[in-house]
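First comes the structure, then the notes that go with it.
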Amino acid sequence: DAGITQSPRHKVTETGTPVTLRCHQTENHRYMYWYRQDPGHGLRLIHYSYGVKDTDKGEVSDGYSVSRSKTEDFLLTLESATSSQTSVYFCATGTSGGGGNEQFFGPGTRLTVL
Amino acid sequence: GENVEQHPSTLSVQEGDSAVIKCTYSDSASNYFPWYKQELGKGPQLIIDIRSNVGEKKDQRIAVTLNKTAKHFSLHITETQPEDSAVYFCAASHTGNEKLTFGTGTRLTIIP
């Protein structure tokens, strides 16, 4: 994951506050993904992007929005954080669609919503 | 959509023994099956993958088998070592689908 960074790496916030997580890649990969990881659920896709300004929803998109204004940056926003959004968030990139190509993961962001 | 089930959720084996993790998938169109390893505090990393045109693939101590008829695939780790301790995820996808569907993970512990 040397070419993918996530910021912040840790964050504690209060219910109702907005939160933005940033993913930055230096790989020039077309596809970018946001996942959340929770015990017993594995990795669940929140949103993904298939190009600049092109995004789509994943299986757990409610309460989240994303933006991609540049190839290298993919932002995940929680408009009004809730305790159920306490999780570890991973960004991933890929050279093409998930059908047959590797995804590369960042180091993760641990978010706690009090 | 695709549904991937993974078993067991935890697995402990003696160092030097073999470990097997199994996954089943629901979408018969799936044709790509990767396995990821996640070490503590890190993001998942691809360790091996298999496509539906082959039944088995090996890479040193790691192998993956695929049974398309039964819609299941397995990860085999032989001669386990302490550094194999991690969480392992299986996933499935198909050509033209930009997304991977992951299993719920297996925490593998190697007992010295």
Side-chain angles (χ1 to χ4, degrees), chain A residues 1-6 9-10 21 23-25 27 29-51 54-61 68 74 87-110, chain B residues 1-10 21 23-54 57 59 64 66 86-108:
Chain A
D1 56 335
I4 303 170
T5 57
Q6 293 184 230
R9 293 293 314 278
H10 302 271
L21 307 183
C23 178
H24 179 78
Q25 61 143 329
E27 307 297 321
H29 287 168
R30 175 184 175 187
Y31 287 82
M32 297 187 75
Y33 306 83
W34 276 108
Y35 293 91
R36 60 177 290 173
Q37 184 175 19
D38 305 288
H41 292 278
L43 292 158
R44 293 182 292 174
L45 183 65
I46 305 171
H47 282 281
Y48 68 102
S49 169
Y50 47 96
D54 291 322
T55 65
D56 205 350
K57 296 179 180 180
E59 63 177 305
V60 290
S61 59
R68 191 171 180 199
F74 193 32
S87 186
V88 180
Y89 291 85
F90 287 97
C91 172
T93 69
T95 55
S96 63
N101 289 282
E102 181 177 0
Q103 290 188 16
F104 301 85
F105 284 81
T109 294
R110 182 174 295 276
Chain B
E2 175 68 275
N3 181 51
V4 177
E5 295 189 355
Q6 183 171 349
H7 300 280
S9 57
T10 60
I21 303 170
C23 289
T24 60
Y25 61 98
S26 61
D27 188 350
S28 57
S30 290
N31 57 6
Y32 175 62
F33 308 94
W35 286 88
Y36 285 78
K37 176 183 181 182
Q38 184 180 25
E39 297 178 343
L40 192 62
K42 297 184 178 181
Q45 185 172 17
L46 181 73
I47 55 172
I48 194 167
D49 56 14
I50 191 169
R51 301 174 192 273
S52 61
N53 58 343
V54 298
K57 183 176 179 181
D59 183 2
V64 56
L66 171 64
V87 178
Y88 292 82
F89 292 97
C90 62
S93 186
H94 61 79
T95 305
N97 184 357
E98 301 90 349
K99 299 172 285 188
L100 286 172
T101 301
F102 285 87
T104 50
T106 297
R107 181 175 298 279
L108 175 64

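Letters go in sequence order (proteins before strands), and every chain restarts at 1.
- Using a distance-only test at 3.5 Å, with no hydrogens or angles considered, no donor-acceptor pair links the side chain of Thr104(B) to the main chain of Gly40(A).
- Looking at Pro44(B), the atoms closer than 4.5 Å to chain A (heavy atoms on both sides) sit in the backbone and in the side chain alike.
- Chosen from Gln6(A), Arg44(A), Arg110(A), Gln37(A), the residue pairing most often with chain B at heavy-atom distances under 4.5 Å is Gln37(A).
- Proximity to chain B (any heavy atom under 4.5 Å) is restricted, for Arg9(A), to the side chain, taken from C-beta onward.
- Ring-plane geometry between Tyr31(A) and Tyr50(A) is classed as tilted, the angle between the planes lying from 30 to 60 degrees on a 0 to 90 degree scale.
- A tilted orientation is assigned to the rings of Tyr35(A) and Phe105(A), their planes being inclined by 30° to 60°.
- In this pair, Tyr25(B) and Phe33(B) present their aromatic rings tilted. The plane angle is within the 30 to 60° band.
- Looking at Leu43(A), the atoms closer than 4.5 Å to chain B (heavy atoms on both sides) sit in the backbone and in the side chain alike.
- Look at Arg36(A) and Asp38(A) and you find a salt bridge, because one of the NZ, NE, NH1 or NH2 atoms lies within 4.0 Å of a carboxylate O, short of that distance.
- Contact annotation for Gln6(B): neither backbone nor side-chain heavy atoms come within less than 4.5 Å of a heavy atom of chain A.
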